[in-house]
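Heads up: the structure comes next, in structure tokens.
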Amino acid sequence: MSELFNVLVIIAVVAFVVVRQFSDRRVGEQRRWWLLPAVLLVVALRSDGAVDPHHETLSAAMLGAALVTGLATGAGWGWTARLRQGPDDSVWSRGTRATAFVWAGGIVARVSLAVAAVLLGVHQGTAALLVSLAAMLFARGGVLALRAKELRGRRGGAAFVAAGGASEAAVRNMSKGGA
């Protein structure tokens, strides 16, 4: 696959995800939240530049670091999202200010990895970015699915879970209009 195609896929996925992040989105346990990350991972691994043939070990280490960065960013994203339960027991997610900070930290980490690769003379192409993006979306989807399952299990309890979870007293205070 061409680098241009990979760049276009990255831009489209990031735009799609960012727009959806700060609007209410239904979270489903059974939905195929893993499908987009799987497709991105396949595209990344089929890329010609996944591993630099002149620096195989270093390139593989950088790819692993991109994977870890993506997993950490995605998990942080999933844990900082606000969840609420709808009247039909559906669970809805929305990004918070903390989510924006997680995104910013992930971008800084990813740029740092790219700069380190350049300084070390390792050519990464777009494969490392695709791997990182796939890992991020996979971790976010998994964390949200687990949190949604937990929220559904609290039937009769609090119908709202703030970013990272909140005490029932804090949830009651928020639902009454408190800060």
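These values consider heavy atoms only, across backbone and side chains, with no hydrogens, waters or symmetry-generated copies.
The hydrophobic clustering, which links ILVMFWY residues whose side-chain heavy atoms are closer than 4.5 Å, places L41 and L129 apart. V51 and V122 fall into different hydrophobic clusters, where Ile, Leu, Val, Met, Phe, Trp and Tyr residues are linked whenever their side-chain heavy atoms come under 4.5 Å apart, directly or through other members. Under a hydrophobic clustering in which Ile, Leu, Val, Met, Phe, Trp and Tyr are joined whenever their side-chain heavy atoms come within less than 4.5 Å, directly or via other members, L58 and V115 fall into different clusters.
Summarising the geometry, atom OG belonging to S93 is positioned 10.0 Å from atom CZ belonging to R84; distances are rounded to the nearest 0.5 Å. Remark: L133 CG to T69 OG1 distance equals 12.5 Å, nearest 0.5 Å. One distance of note links CG of L130 with CG of L63; it measures 10.5 Å at 0.5 Å rounding. Atoms CG and CG, from L83 and D24 in turn, are 10.5 Å apart once rounded to the nearest 0.5 Å. The distance from the CG atom of L40 to the CG atom of L36 is 4.5 Å, given to the nearest 0.5 Å. Once rounded to the nearest 0.5 Å, the distance linking OG1 of T96 with CZ of R82 reads 6.5 Å.
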### Derivation of the side-chain contact (heavy atoms from CB on, under 4.5 Å) call for W33 and R140
CA-CA 9 Å; W33 53 266; R140 175 203 177 256; over 6 Å; no
### Task
Start with the C-alpha distance between L151 and W92, add both sets of side-chain angles, then the distance that settles side-chain contact (heavy atoms from CB on, under 4.5 Å), and finish with yes or no.
CA-CA 10 Å; L151 183 62; W92 295 78; over 6 Å; no
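Taking every heavy atom of both residues into account, L144 and G78 meet most closely at CD2-O, 3.7 Å. Across all non-hydrogen atoms, the minimal contact from V131 to A44 is CG2-CB, 3.7 Å. Scanning all heavy atoms of the two residues, the minimum distance from Q124 to A114 falls at OE1-CA, 4.2 Å. H55 approaches G121 most closely through the heavy-atom pair CE1-O, 3.1 Å. Between R152 and Q85, the closest heavy-atom pair is CA-NE2, 4.0 Å. Among all heavy-atom pairs drawn from A128 and A66, the shortest one is O-CB, 3.6 Å.
Checking L113, I107, V108 one by one against R110, the side chain to side chain contact (heavy atoms under 4.5 Å, CB included) holds for a single residue, L113.
Under the rule for a side chain to side chain contact (heavy atoms under 4.5 Å, CB included), the partners of L8 that lie at least two apart in sequence or sit in another chain are L4.
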